[in-house]
S.K.: 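Okay, here's the structure, questions in a sec.
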Amino acid sequence: MDGLKKIGRFIRNCVELYIPIIAFVALFLIFCFQVFMRYVANNPQSWTLEVEQMCFLWLVLLGACFAQREKAHVSFTLLYDALSVRGKAITAMLGNIIISVTFAAAFIPSLQYIWGQMERAQVTSILKIPKTLVFFPYVIFLAVILVYALLDIYEEIMVLRGDQKYIDKMLGESKSEAEQAIEEAARQESIHLNADIDDGMGKGDK
């Protein structure tokens with residue numbers, strides 16, 4: 001069971017983390033190469049634009065999945081922060097329901113269209129890259145965000161049912177970065193204080 005979890009975690013990280021990192025590095029290097037060829041070598045390369053566009057799509061769409069996992073998307077929470085735990089759960093659930101319905105409705109048509117590009121042998125104009133490969137991260141994006149939204153709905157239901165584990169999790173996730181930094185600083189200070197006390201007791205015993 002632990003082996004399956006490790007495999008699942010590795011695949012998840014490949015999709016949401018490692019592939020976007022590779023896409024970003026490739027995008028940056030090709031961009032630098034394009035600038036050099038255009039302005040230094042005076043020999044612009046037209047194929048770089050296609051690769052940059054593909055890398056950008058893979059980077060943004062799959063990177064958005066990782067941001068959703070970490071709850072790192074930009075959000076405006078002025079009203080949300082003022083709500084009670086129950087109000088937070090209801091508000092978040094309504095948003096996730098909208099996302100779930102929208103993404104579930106878009107998944108099959110998007111998959112059929114993108115997969116159909118391969119059947120129609122549609123490729124990019126210069127490098128002849130199959131357009132299915134170029135746009136396929138959009139299907140992955142829809143699927144992953146849908147799964148995360150459904151998992152969030154489950155957690156919000158558990159909050160409404162009064163499960164303390166999920167209540168604490170929701171309260172922790174709703175804390176601002178400043179509050180998290182203060183708590184982390186206090187925790188580190190407590191660790192150092194305990195260490196100093198232990199050292200003092202050890203020296204006293206000697």
Side-chain angles (χ1 to χ4, degrees), residues 1 3-27 30 47-77 80 87-161 163 166 169-170 173-174:
M1 195 66 179
L4 291 176
K5 287 184 179 179
K6 288 181 179 179
I7 293 173
R9 192 180 302 113
F10 175 74
I11 294 174
R12 184 185 184 190
N13 287 333
C14 281
V15 172
E16 300 177 0
L17 187 58
Y18 303 145
I19 293 177
I21 289 174
I22 293 172
F24 175 78
V25 172
L27 176 62
I30 292 172
W47 60 268
T48 56
L49 180 61
E50 286 190 356
V51 180
E52 287 173 345
Q53 290 173 341
M54 184 172 69
C55 289
F56 181 78
L57 286 174
W58 281 80
L59 167 63
V60 172
L61 293 173
L62 299 186
C65 298
F66 180 77
Q68 182 68 15
R69 185 213 297 193
E70 298 295 318
K71 301 291 190 296
H73 284 292
V74 175
S75 58
F76 299 95
T77 60
Y80 178 83
K88 293 178 190 292
I90 293 173
T91 303
M93 185 186 298
L94 291 175
N96 283 315
I97 288 174
I98 294 173
I99 292 173
S100 300
V101 172
T102 304
F103 279 47
F107 180 77
I108 297 300
S110 299
L111 178 61
Q112 290 175 338
Y113 175 76
I114 293 174
W115 198 259
Q117 289 181 324
M118 182 174 63
E119 296 177 350
R120 294 188 295 272
Q122 294 187 347
V123 296
T124 59
S125 58
I126 299 174
L127 295 178
K128 308 303 179 184
I129 301 172
K131 288 189 176 181
T132 297
L133 178 63
V134 175
F135 296 111
F136 197 74
Y138 180 67
V139 176
I140 300 174
F141 165 76
L142 291 176
V144 172
I145 298 298
L146 175 59
V147 170
Y148 282 141
L150 293 174
L151 291 175
D152 286 343
I153 290 173
Y154 169 77
E155 292 184 359
E156 288 142 13
I157 291 174
M158 297 304 292
V159 170
L160 294 176
R161 294 182 61 181
D163 191 310
Y166 292 99
K169 182 179 180 182
M170 174 167 282
E173 290 175 347
S174 64

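Reckoned from all heavy atoms, side chains included, excluding hydrogens, waters and symmetry mates.
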S.K.: What distance separates L4 CG from R9 CZ, expressed to the nearest 0.5 Å?
M.R.: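 Nearest 0.5 Å value for the CG-CZ distance: 11.5 Å.
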S.K.: If you measure from CG on L27 to CE on M54, what distance do you get to the nearest 0.5 Å?
M.R.: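 Separation between the atoms: 11.0 Å.
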S.K.: Measure the spacing between CD1 of I22 and CG of L17 and express it to the nearest 0.5 Å.
M.R.: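 The distance works out to 10.0 Å.
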S.K.: Sub-3.5 Å donor-acceptor pair from the side chain of E50 to the main-chain atoms of T124, do we have one?
M.R.: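 The answer is no, because no donor-acceptor pair under 3.5 Å joins these two groups.
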S.K.: Evaluate the side-chain contact (heavy atoms from CB on, under 4.5 Å) criterion for residues L61 and I140: first the C-alpha distance (whole Å), next the side-chain angles of each, then the deciding distance (0.1 Å), finally the verdict.
M.R.: CA-CA 8 Å; L61 293 173; I140 300 174; over 6 Å; no
S.K.: Mind jotting down which residue pairs meet the side-chain hydrogen bond (donor to acceptor under 3.5 Å, both in side chains) criterion with at least one end in residues 136-155? Sequence neighbours excluded, please.
M.R.: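 Output for this query lists R12-Y148, E16-Y148, K71-D152, E155-K169.
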S.K.: So do R161 and I157 actually touch side chain to side chain, heavy atoms under 4.5 Å?
M.R.: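 Yes; the side chains approach each other to less than 4.5 Å.
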S.K.: Flag the pair V144 / Q68 as yes when at least one side-chain heavy-atom distance between them is below 4.5 Å, and no otherwise.
M.R.: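 Not touching, per the 4.5 Å side-chain cut-off.
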S.K.: Count the heavy atoms belonging to other residues, nucleotides or ligands that lie under 6.0 Å from OH of Y80, then report whether that count exceeds 12.
M.R.: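 Yes, the 6.0 Å shell around OH holds more than 12 heavy atoms from other groups.
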S.K.: For S110, check side chain to side chain donor-acceptor pair (under 3.5 Å) against everything at least two apart and list the hits.
M.R.: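 Partners of S110 under the side chain to side chain donor-acceptor pair (under 3.5 Å) test: none.
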S.K.: Which heavy-atom pair separates I145 from I99 by the least distance, and what is that distance?
M.R.: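 So the two residues come closest at CG2-CG2, 4.0 Å.
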S.K.: Side chains of L160 and M93, heavy atoms from C-beta outward: is any pair under 4.5 Å?
M.R.: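 The answer is yes; the side chains approach within 4.5 Å.
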S.K.: Can you tell me how far apart CG (L59) and CD1 (I19) are? Round to the nearest 0.5 Å.
M.R.: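 Answer for the CG-CD1 pair, L59 versus I19, is 11.5 Å.
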S.K.: With ring-ring contact (aromatic ring centres under 6.0 Å, His included) as the rule and sequence neighbours excluded, what pairs involving residues 98-133 come up?
M.R.: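 As it turns out, the ring-ring contact (aromatic ring centres under 6.0 Å, His included) pairs with a partner in residues 98-133, which skip direct neighbours, are F103-F141.
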S.K.: Excluding sequence neighbours, so at least two apart, what forms side chain to side chain donor-acceptor pair (under 3.5 Å) with N13?
M.R.: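 N13 satisfies side chain to side chain donor-acceptor pair (under 3.5 Å) with R69 once adjacent residues are dropped.
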S.K.: Kindly give the heavy-atom pair with the smallest separation between P20 and C14, and that separation in Å.
M.R.: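 Reported closest heavy-atom pair: CD-O, 4.2 Å.
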S.K.: Which residue pairs pass the salt bridge (charged side-chain N to carboxylate O under 4.0 Å, His left out) test when at least one of the two sits in residues 109-135, sequence neighbours left out?
M.R.: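 Passing the test, one end in residues 109-135: no pairs.
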S.K.: Search all heavy atoms of L142 against all heavy atoms of A106 and return the closest pair with its distance.
M.R.: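 Closest approach of L142 to A106: CD1-O, 3.9 Å.
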S.K.: For residues 91-103, which residue pairs pass the side-chain hydrogen bond (donor to acceptor under 3.5 Å, both in side chains) check, not counting sequence neighbours?
M.R.: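 Checked against side-chain hydrogen bond (donor to acceptor under 3.5 Å, both in side chains) - neighbours excluded - the pairs reaching residues 91-103 are N96-E156.
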S.K.: Got more than 12 heavy atoms from elsewhere within 6.0 Å of CZ, F24?
M.R.: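 It does not: F24 CZ has 12 such atoms or fewer within range.
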S.K.: Measuring from L62:CG to F136:CZ, what's the distance to the nearest 0.5 Å?
M.R.: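 The CZ atom of F136 is 10.5 Å from CG of L62, to the nearest 0.5 Å.
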S.K.: Say whether, by atom type as modelled, one donor and one acceptor occur between the side chain of H73 and the main chain of A64 under 3.5 angstrom.
M.R.: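 Yes, because the side chain of H73 sits within donor-acceptor range (under 3.5 Å) of the backbone of A64.
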S.K.: Quick one: pull up CG in L127 and CH2 in W47 and give me the separation to the nearest 0.5 Å.
M.R.: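 These two atoms lie 7.5 Å from each other.
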